[in-house]
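Before any comments, here is the structure.
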Amino acid sequence: MVIVLKENPNPQQVNRLKNWLAEMNIDIHTIVGTQSTVLGLVGDTSGVDIELIRALDIVEDVKRIQEPFKRANRKFHPLDTVITIGDTKIGGGNFTLMAGPCSVESREQILSIARDVAANGGHILRGGAFKPRTSPYAFQGLRGLGIELLIEARKETGLKIVTEIMDISQLELFNDVDIIQVGARNMQNFELLKELGKSRKPILLKRGLSSTIQELLMSAEYIMAGGNENVILCERGIRTFETATRNTLDLSCVPVLKETSHLPVVIDPSHAVGVARYVYSMSLAAAAAGSDGLIIEVHNDPAHAMCDGAQSITPEAFGGLASKLSELLPVVGKSIGKTQN
Ligand code: PEP
Ligand code: MN
């Protein structure tokens, strides 16, 4: 349930209302907007008399939220969430470019790609240290060393870093990471999500291979229920009957998520299509559809990449894409800058 307060409500009356709700064991979230203040209520609100609240002087409107996701719901938080990491903002009018290799392979590799990503307008460096591979015989990642190398690349380039966690036991290694990624395969690892809810670090939550949009939002809700509101939703392609691409990029999730949630939405065209030459058009389409950013696999030597070389674009191609995006984004009211609000 959400209670929309009138402009400049009497603070004592607001406190009285909050205390009364708290006595019924209802959690209250106060969201102060430019025009009005919204009280988001979580808990068993079945005993709350809507008409009684609506009749209060300070109340403009009361709405029940039918959807099972509350904190992730736009009714709960009408304005876009903007996540700030230093000089980088994600959400709102900002368009964020995350790019880098599928996996951190070596010091030389990650530093070289990081320099290229920074020089070509990227904001955040991606790179897997813990890799969820279909085959146990495939490269599993450099693990702790991979994270150290990402940190070194950040120091040199100023890029923020995002990397995937696969298990709660790894959490301590992520203390100095800017954004923790939850991969598609772990989207419904609820114990992991609950643990990340205790952190205040931004979480990039990827949609599961066979998950619905509502299931993605329910996973975001798990993190937010623990108090961590810094969730970025990521569409990375879903399993369908189509085999021409690795997965099917569900770009229609962008308007759906933007309507139903206030959280930033980022698109991963690389894992969606699985083919480097399709990444450019899908990236432009994602920007045109209203997404808040992209996470793209970029490799300096795709033919010899230890993971996902076929879908990795070169630094030059990334530069070309970034420059085309900077022409396109103003059309949809977004900018690729670092310090927009
Ligand atoms: C990745 O981003 O490296 C990755 C493994 O992606 P996904 O979880 O979407 O498959
Ligand atoms: Mn990959």
Side-chain angles (χ1 to χ4, degrees), residues 96-105 109-110 113 117 122 124-136 138-143 146-147 149-150 160-167 170 174 177-189 192-193 196 202-213 215-216 219-220 223 231-240 245-251 253 265-276 278-279 282-283 286 291 293-314 318:
T96 309
L97 279 179
M98 309 184 189
C102 181
S103 313
V104 181
E105 297 171 11
Q109 177 244 22
I110 195 67
I113 297 173
V117 166
I124 297 173
L125 177 68
R126 66 147 288 148
F130 294 94
K131 293 304 305 174
R133 303 302 301 278
T134 303
S135 165
F139 175 57
Q140 303 286 307
L142 295 182
R143 304 174 74 85
I147 294 184
L149 294 173
L150 285 167
K160 308 296 181 291
I161 52 176
V162 57
T163 192
E164 177 172 352
I165 191 166
M166 283 175 59
D167 189 80
Q170 298 155 356
F174 286 70
V177 163
D178 299 301
I179 304 176
I180 302 178
Q181 176 175 324
V182 175
R185 291 153 192 84
N186 262 318
M187 189 202 85
Q188 288 191 318
N189 181 340
L192 177 62
L193 301 180
L196 295 174
I203 309 296
L204 180 79
L205 178 65
K206 297 189 107 182
R207 179 176 177 182
L209 280 69
S210 307
S211 299
T212 64
I213 292 173
E215 284 163 346
L216 172 64
S219 289
I223 300 167
V231 180
I232 304 155
L233 304 170
C234 179
E235 156 66 22
R236 45 77 72 210
I238 49 174
R239 278 262 164 100
T240 68
T245 49
R246 181 175 175 182
N247 292 288
T248 297
L249 181 57
D250 177 17
L251 271 187
C253 80
V265 178
V266 160
I267 300 295
D268 174 347
S270 310
H271 290 90
V273 296
V275 180
Y278 301 156
V279 168
M282 288 299 96
S283 298
S291 67
L294 291 163
I295 179 162
I296 297 178
E297 287 190 339
V298 173
H299 201 285
N300 53 353
D301 186 4
H304 296 100
M306 292 173 88
C307 183
D308 285 350
Q311 67 195 34
S312 300
I313 62 171
T314 61
F318 176 68

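Note that the coordinates shown come from a computational prediction; the quantities given were computed from them, not determined experimentally. Each ligand, and each atom within it, is numbered from 1 in the order the structure gives.
- Closest non-hydrogen pair, L97 versus F318, comes out as CD1-CZ, 4.1 Å.
- Looking at H299 and D308, their side chains never bring a donor and an acceptor atom within 3.5 Å of each other.
- Salt-bridge check for E297 with R126: passed, with a basic side-chain N closer than 4.0 Å to an acidic carboxylate O.
- With 3.5 Å as the limit, one finds no donor-acceptor pair spanning the side chains of D167 and Q170.
- Here the closest heavy-atom approach between residue K206 and residue A184 is recorded as CB-N, 3.7 Å.
- Under a cut-off of 6.0 angstrom, the local environment of CZ in R133 is crowded, with over 12 non-hydrogen atoms contributed by other residues, nucleotides or ligands.
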CA sep, side-chain torsions, deciding dist, call: L125, L150, side-chain contact (heavy atoms from CB on, under 4.5 Å): CA-CA 8 Å; L125 177 68; L150 285 167; 3.8 Å; yes

When you check ligand 1 against the protein, what N or O pairs turn up below 3.5 Å? List the atom names and distances, or just say none.
{"unit_1": "ligand 1", "atom_1": "2 (O)", "unit_2": "R126", "atom_2": "NH1", "d": "2.8"}
{"unit_1": "ligand 1", "atom_1": "2 (O)", "unit_2": "Q181", "atom_2": "NE2", "d": "2.9"}
{"unit_1": "ligand 1", "atom_1": "2 (O)", "unit_2": "K206", "atom_2": "NZ", "d": "2.8"}
{"unit_1": "ligand 1", "atom_1": "3 (O)", "unit_2": "R126", "atom_2": "NH2", "d": "2.8"}
{"unit_1": "ligand 1", "atom_1": "3 (O)", "unit_2": "K131", "atom_2": "NZ", "d": "2.9"}
{"unit_1": "ligand 1", "atom_1": "6 (O)", "unit_2": "K206", "atom_2": "NZ", "d": "2.9"}
{"unit_1": "ligand 1", "atom_1": "8 (O)", "unit_2": "A184", "atom_2": "N", "d": "2.8"}
{"unit_1": "ligand 1", "atom_1": "9 (O)", "unit_2": "K206", "atom_2": "NZ", "d": "2.9"}
{"unit_1": "ligand 1", "atom_1": "9 (O)", "unit_2": "R236", "atom_2": "NE", "d": "2.6"}
{"unit_1": "ligand 1", "atom_1": "10 (O)", "unit_2": "R185", "atom_2": "NH1", "d": "2.8"}
{"unit_1": "ligand 1", "atom_1": "10 (O)", "unit_2": "R236", "atom_2": "NH2", "d": "2.8"}

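- Looking only at side-chain heavy atoms (C-beta outward), V265 and E235 stay at 4.5 Å or farther from each other.
- Under 2.8 Å from the Mn ion (ligand 2), one finds the following protein N/O/S atoms: C102 SG, H271 NE2, E297 OE2, D308 OD2.
- I213 has its side chain within reach of D250: a pair of non-hydrogen atoms, C-beta onward, lies under 4.5 Å apart.
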